[in-house]
Amino acid sequence: MAQKPSIPKGTRDFSPAEVARRNYITGIIKKHFERFGFQPIETPSFENFDTLMGKYGDEGDRLIFKILNSGDFISKVDDITYSSKKSSSILPKISDRALRYDLTVPFARYVVMHQNEIDFPFKRYQIQPVWRADRPQKGRFREFYQCDADAVGANSLLQEVEFIQLYDAVFTELGLSGVTIKLNHRKILSGMAEIIGARHLLVDFTVALDKLDKIGEQGVIQEMKDKGISENAIKKAAPLFSLSGTNAEKLNVLDSFLEGSEIGIEGALELSKIINMLEKLELQSTKLTMDVTLARGLNYYTGAIFEVAAPEGIAMGSIGGGGRYDDLTGIFGLKDVSGVGISFGLDRIYLVLEELGLFPESLDQSIDVLFVNFGEEEALAALTLVSRLRTAGIKADLYPTNAKTQKQFKYANNRKVPFVSLLGAEELKAKTFAVKNMSSGEQISYSWDDLDEFIKTL
RNA sequence: GUGGUUGUAGCUCAGCUGGUUAGAGCGCUGGAUUGUGGUUCCAGAGGUCGCCGGUUCGAACCCGGUCUUCCACCCCA
């Protein structure tokens, strides 16, 4: 090998142990998706350029991986465009396709294309990789998996309630306690901007507000000033910086704050309905917190916004997010289809579970029983038993070569095999096999006919 | 995209103001133990010091570029 091979920045190989752990997480997520009535779909890893571009804002466009056209693509660019040297002008002429950036926009495209075959309301889930040309950091990759569930075609707050229950069910089964689900509403954000008289600066206002827990009240005020929000407006917004207490208390303060803003009151009312329903239904292990500073999320959210924060003390961005978007399919020409959706960040959940040591030990166990290989005749007899074990649903294997017993035992030990079976010349003659329990060191002998007895001990 | 940071054995890391043969622990291989791992003892293998170029009598060490890692912005799962 002349040069050491490598993989692109922000991508990863997954070892057998890692895949086992990832499958453990997605298995639980899938199970609950299905229990909640969602059906799986899959979409291509790349979409048409126009399907993706312009859907995530300028920042999003920059982070989309574009695919170069086939053939002599540069010769097809006209001279004027070419000599302009402007990437934004040249790009559409040399790229017709781009890698999927998230699962929501492709889903909207799917719904529009298949609208006549779909029975609405349609609840779908999708677990596939997405790609972003971002700078990698801890928990940020250029290729990563999203696990999305969305419900479209029905306009009911019950759906928001269900999604929060779904988050609760998944994180409870993963054993991840201390997860906080933050809740806000786009209309509340609009209402707040309206009340303080900064409606035209809604985005700047919310982006700054979102940084409250990171840069503090003074930092937020400074940023708002920098963005051109008047001192008077900032003064009016002050009560929002120190909102505390129970969800009901926060909603009370918010109600009076938003007085006079029709849209804001509407948002607050919706949130209080959601929160009230969930209080009656009770969550198992997650905490639901109303957070008026929560503003993140894509441009297309129009109603409730969710974000899932890892347990306190874990330095990790959000491990999930979602919300309601009332007109997502509108961009593809299908009006009046409302939707709500959430996403689980598989890669980040993995990092959190690992940091807290929450993966079950049993995931390391790839084989239940390993037979030591003592030579051709013995191996053949062992293989008969191995087959019977496999038929019984037990992960059994025979060491492929007649290597030194010590080496075979060491292999079993490293692979964390709980039982090693020996079937050598003596056992062959007596039609028996010995089983060594690798953690206790205890060794028991069984006759071939009593294999079931051994199976019972597993 | 902006600014910074990191890279030495399979892994985790030492390595002095630039000086001759680059080290440790763990892991790996062999032996003590030709049917017994995880503990112990003995021996051994394993390195273009990320890559390319420059400075120097001499570079793992200094300089430039590049790739990678992580961090802060931006944005986000």
So, is [X] near the phosphate of [N], with a side-chain N or O under 4.0 Å from OP1 or OP2?
| X | N | result |
| --- | --- | --- |
| A/Q137 | B/C70 | no |
| A/K410 | B/G27 | no |
| A/K9 | B/U68 | yes |
| A/K214 | B/C73 | yes |
| A/K404 | B/G31 | yes |
| A/N413 | B/U36 | no |

Whole angstroms only, please: what is the [atom1]-[atom2] distance between [X] and [N]?
| X | N | atom1 | atom2 | answer |
| --- | --- | --- | --- | --- |
| A/D134 | B/C70 | CG | P | 13 Å |
| A/D226 | B/C73 | CG | P | 16 Å |
| A/R415 | B/G27 | CZ | C1' | 18 Å |
| A/I342 | B/C76 | CD1 | P | 19 Å |
| A/K66 | B/G1 | NZ | P | 10 Å |
| A/E426 | B/G35 | CD | C1' | 9 Å |
| A/L294 | B/C76 | CG | P | 12 Å |
| A/D58 | B/C75 | CG | C1' | 12 Å |

**Study point:** 5' precedence on RNA chain B between A/R135 and A/F141 (nearest-nucleotide basis)
**Key:**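 Closer to the 5' end of RNA chain B: A/R135.
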
Review point. Starting at the 5' end of RNA chain B, which residue's closest nucleotide do you reach first, A/R142 or A/K211?
Key: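 So the residue in question is A/K211.
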
[M] and [N], which share atom name [atom1], separated by this distance in whole Å:
| N | M | atom1 | value |
| --- | --- | --- | --- |
| B/G46 | B/C11 | C1' | 13 Å |
| B/G31 | B/G23 | P | 28 Å |
| B/G50 | B/A14 | P | 14 Å |
| B/U17 | B/G58 | C1' | 15 Å |
| B/U21 | B/C49 | C1' | 15 Å |
| B/C67 | B/G30 | P | 42 Å |
| B/C70 | B/U6 | C1' | 7 Å |
| B/C62 | B/C28 | P | 35 Å |

Please determine whether any donor N or O and acceptor N or O are separated by less than 3.5 Å between the side chain of [X] and the base of [N].
| X | N | answer |
| --- | --- | --- |
| A/Q443 | B/U36 | yes |
| A/Q406 | B/G30 | no |
| A/K436 | B/G37 | yes |

Contact class for [X] (heavy atom, under 4.0 Å): base, sugar-phosphate, or nothing?
| X | result |
| --- | --- |
| A/D347 | nothing |
| A/E143 | nothing |
| A/A434 | nothing |
| A/G322 | nothing |
| A/G60 | nothing |
| A/L422 | base |
| A/T405 | sugar-phosphate |

Practice item. Walk me through it: do A/Y167 and A/F344 pass the test ring-ring contact (aromatic ring centres under 6.0 Å, His included)? Key: CA-CA 9 Å; A/Y167 269 139; A/F344 288 84; 5.0 Å; yes

Selected nucleotide, minimal atom distance to [X] side chain, candidates [options]:
| X | options | value |
| --- | --- | --- |
| A/R62 | B/U69, B/G37, B/C74 | B/C74 |
| A/K407 | B/C70, B/G35, B/U29 | B/U29 |
| A/R140 | B/A77, B/G35, B/G37 | B/A77 |
| A/E59 | B/C76, B/C75, B/C28 | B/C75 |

Review point. Relative to each other, are the rings of A/Y24 and A/F359 parallel, tilted or perpendicular (30° and 60° limits)?
Key: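 Correct class here is perpendicular.
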
Exercise for review: Please say which of A/V386, A/D397, A/L398, A/N413 ends up in a side-chain contact (heavy atoms from CB on, under 4.5 Å) with A/L370.
Suggested key: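 The residue from A/V386, A/D397, A/L398, A/N413 that satisfies side-chain contact (heavy atoms from CB on, under 4.5 Å) with A/L370 turns out to be A/D397.
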
**Study point:** Test applied, side-chain contact (heavy atoms from CB on, under 4.5 Å); reference residue, A/I349; option that passes from A/D347, A/L353, A/L346
**Key:**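 Only one of A/D347, A/L353, A/L346 forms a side-chain contact (heavy atoms from CB on, under 4.5 Å) with A/I349, namely A/L353.
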
Practice item. Output, in order, the C-alpha distance, side-chain angles, deciding distance and verdict of salt bridge (Lys or Arg N to Asp or Glu O under 4.0 Å) for A/R21 and A/D364. Key: CA-CA 9 Å; A/R21 290 169 176 217; A/D364 298 332; 3.7 Å; yes

Review point. Watson-Crick or G-U wobble partner for B/G25, using a 3.5 Å limit on both distances?
Key: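 B/C11 - that is the nucleotide pairing with B/G25, both distances being under 3.5 Å.
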
Exercise for review: Could you please name the partner base of B/G30, counting Watson-Crick and G-U wobble pairs only when both distances are under 3.5 Å?
Suggested key: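 When the pairing criteria are applied, B/C42 turns out to be the nucleotide that pairs with B/G30.
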
Review point. With centres under 5.5 Å and planes under 30°, do A/Y411 and B/G37 count as stacked?
Key: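 According to the criterion (under 5.5 Å, under 30°), no, A/Y411 does not stack.
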
Practice item. Would you check if there is a donor-acceptor pair between the side chains of A/E18 and A/S15 at a distance under 3.5 Å? Key: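 The answer is yes; a qualifying pair exists.
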
**Study point:** Side chain to side chain, A/M290 and A/I188, heavy atoms closer than 4.5 Å
**Key:**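 In short, these two side chains touch, coming nearer than 4.5 Å.
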
Review point. Is any side-chain N of the basic residue among A/K456 and A/E453 closer than 4.0 Å to the acidic one's carboxylate O?
Key: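 Judged by the 4.0 Å cut-off on N to carboxylate O distance, A/K456 and A/E453 do not form a salt bridge.
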
Point to revise | ring-ring contact (aromatic ring centres under 6.0 Å, His included) partner of A/Y101, chosen from A/F65, A/F49, A/Y56, A/W131 | key: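 Per the ring-ring contact (aromatic ring centres under 6.0 Å, His included) rule, the option paired with A/Y101 is A/Y56, out of A/F65, A/F49, A/Y56, A/W131.
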
